Amino acid sequence: MTGYVEGMAAGLSVLFVWPNILYPVVGTLAAMCVSFLPGVSGVTLMSLALPLTLAWEPLPVALLFGALVGGATFMGSVTAILFNVPGAAPNAATMIDGHPLTQRGLARTALGCAATASGVGSCIGVIILVAILPVVRDLLLAFGPPEFLLMGLWGLTTIILTSGAAPLKAVAATGLGLSAALIGLDPRTAEQRWTWGADYLADGLPVIPVLLGLFGVAELIKLMTSGRSSISRAADGPRDSGRVVDGVIAVLQHRWLLLRCSIVGVLVGIVPGIGGTVAGFVAYGHAVQSARDRSQFGCGDIRGVLAPEAAHDAKDGGSLLPALAFGLPGSEGTIILLAALALHGVAPGQLLLDEHLPLTFALIGALVVSNCLTSLVGLCLAGQLARLTTLRLEFLVPIILALVLVAATIHRGQPADLWVVVVFGLLGYIMQRYGWPRIPLVIAFVLGAMIEDNLLLTVRLLELDRLELFERPITLVIASLGVVTFGAAFAQHRRRRGGTEKT
Amino acid sequence: MGFRSVSRRKFVVRSTAMGLLVCANAAGASEHACAGLVDETIDWIVPFTAGGGFDVYSRLLEPSLENQIGAEIAVRNMAGAGGLIGSKAIRDAAPEGRTLGIVNGGGLLIARLIEGDSVPSPVSDYSILAGLARQDYVWVVSKSSGIARIEDLWAADRPSTLFGIQDVGGLSFVAAALGAHLLGVDIEYVAGYRGSRERVLALLRGEVDVTTTSFETVRGGIEAGDLVPLLQMSVRPISEHPALAGVPTLAGPDGLARIRAAALGKLVEIAGQKATALAQVIDVGAIIVAPAGLDDGMARCLEAKVMAAASDPTFVAAVHDARRSLDVTGGAEVTSVLGEAMSTAEGFKPVLEQALSRVRS
């Protein structure tokens, strides 16, 4: 433990000296500018920066890429909140309540809450990361297919909680989402499912174009047909967009929720390859499940912004865990981070923790600096950004539509993604028009692959007697959480039905 | 040729010398054939995501190649369908020298074996300019598994060995199925682990007994003492790394396939040929290609330029620092090896089909 303290001190001491501090600051500001464009994230910047930094020393590389992993994820939430267009897949959960807040004229409040939750969540995530660093290997090995399966199922239970008064429609939408998640190659047998022989669908439907269509395009169609003059109901100036400080105060008021969601983010971030999208939705579901009054969720409940923002920024700390301990990237950003480190002769794994501890902590420090700086700048800009929602729709809609279409193709460079945006855009509009919930579809779609993969593995390992479910404490804990969540939802439904019958 | 236990200086010297030797052989290539590419933009397609191994090689090679050809190299990631989307994009591009790329030669060959003609042929659908890096596959187990040597897998009292794979159709499946067939090991598959590192974690958690993956992926785990290599899926030792001392190779004159065939009363020569073909298929990793139909002069010129770039000491040193393997081979040699491997690999189909039906049942 003494070694870790010394390593931390050494790492932080090299971070906060001139000119080293320039790297995370410049990286953060660059990532913020880039991440504001939907579909373009800090990851894009990282892949561009990779060849440019070949001649650098390992320390500046770690500082720059550590800041880029932080990735200014908050900026993607800005477009999610203001325009219902997620900047990146992890920002999708923020849209659920973020955009309704904007429509109610509380854009500044929503942005203030998102910026604050994002910064505080990432700090909590890093604190947890540092605290469990000595035992990270044991922790990672404790998570296997049963745990990942139950985590995904727990996330699915949030659908029940957000189904409101239309549970059957939510079930149908869930089925549609799970079906959409099945498109592609069978993870076990590699047989093609519903691909019609198209290579494009071999990896399944792409997440970002689906989200951009389902929410972004659908919202644009709705706006164009609504007769409104602007996105915000209050079209008369910044005072009517709420107050940034109200958003900050909301984070303080719900500090325990913030803490719990940050923990959720770290835990999900630990799971290699899962990433912030799942973290956001699982945290959102927890926020709904733990709330006494759930009536405003989906209509502009500030907790619905706080929860996913805290989770997917805390996730950055969690995703560093498998990356540093095992060389297992927990997100797209950490894939490139590992590549950048390897290019400079710094291999991930236990050796990184043993031989490059100061560098490790400098990297973690850069991540914290990045997230805090993003939040600070975000708070300062929230007022100005909120003004965008008061612009007249005839100017705003074409710009947003163009950004959405560019974002759809820029991610994978495949023109066919545009068709996905269009198809899901029409589907999203029709669902919205006829009162069908889209959130269950999205949650099921995002979690579907994770659930299927780990269900197949769990069943197979049980067949081969390689698992004893009742001897796995984490399995039992997550299963209990799922049962509690389901029980709470069932009780809520019965109360609602009882109230309806009485009237 | 590996670098892992070789000093940086030796690695750079050896790699550069080998590359220059091949370049010298291609010295007859006409410079004029490539003159039309000067100041042009060449699309370099990487069929995998940014940050992956093939992307790293491409970005490291980019500056050297730009110097050699005098053109701008625009690296484009076109991931999807296990590399097929990008590989087909290279195949379908006009053969004018303005589209090049890097593909997984062995991976394409295996995919074609299992899925048929819908997969591009690495031999007939491309002009192979150079081989860049081998895929050095090993079988590994967890240190806590109780398995210390490959011979433990066919011990009389041992139940079926659980083999962790990604999915059928991938290299991990083929290396497992054919390797087990040649060695007479009874295995059960546990499929569905997405990625080699997930399979390694499965090993450490005790879910599976063995998995196969590239040595680079597990090198850290081996050095940390968590993993033990059992078998090298190659004709000769893949590296001078001390952890591989005493670990047998599958193929070669002293390969385990021959020894086991003799012990099991099977035809030793046939087993040896199959093992060699399998090792050659797995061996061919990253190859630099252009679309088939390239003009001969242009092909020779590009091959010389690519070889010179891949032999550039700056590139070689960068690859070493990135802890990646490098084995620069001329395009003609790679084409010959792949062609030979393809014809022998046809004999793998019955074994693979049997293994496929076991997984899919």
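Only a predicted model underlies this, so the values are computations on that prediction, with no experimental measurement involved.
- Of the N and O atoms on the side chains of B/Tyr193 and A/Asp453, not one donor lies less than 3.5 Å from an acceptor on the other residue.
- With chain A as the partner, the residue from B/Gly80, B/Pro63, B/Gly53 showing the most heavy-atom pairs under 4.5 Å is B/Gly80.
- Applying the side-chain hydrogen bond (donor to acceptor under 3.5 Å, both in side chains) criterion to B/Arg158, with sequence neighbours excluded, gives B/Thr161, B/Asp209.
- The residue among A/Gln414, A/Glu463, A/Arg466 with the most heavy atom pairs within less than 4.5 Å of chain B is A/Arg466.
- Of the listed residues (B/Gln166, B/Glu188, B/Glu115), the one with the most heavy-atom contacts under 4.5 Å to chain A is B/Glu188.
- Proximity to chain B is absent for every atom of A/Pro206, based on heavy atoms less than 4.5 angstrom apart.
- Ring-plane geometry between B/His241 and B/Phe215 is classed as perpendicular, the angle between the planes exceeding 60 degrees on a 0 to 90 degree scale with a lower cut at 30.
- Counting heavy-atom pairs under 4.5 Å between each of A/Gly197, A/Gly144, A/Gly184, A/Gly204 and chain B puts A/Gly144 at the top.
- Checked against a 6.0 Å centroid threshold, the rings of B/Phe54 and B/Phe48 count as neighbours.
- No hydrogens or angles considered: a donor-acceptor pair under 3.5 Å links the side chains of A/Glu191 and A/Thr189.
- Heavy atoms closer than 4.5 Å to chain B are found in the side chain of A/Leu461, but not in its backbone.
- Contact check on B/Arg59 versus B/Glu66 returns no salt bridge, with no Lys/Arg side-chain nitrogen under 4.0 Å from an Asp/Glu carboxylate oxygen.
- The greatest number of non-hydrogen atom pairs below 4.5 Å with chain A, out of B/Leu84, B/Val56, B/Ile165, B/Ile85, is found for B/Ile85.
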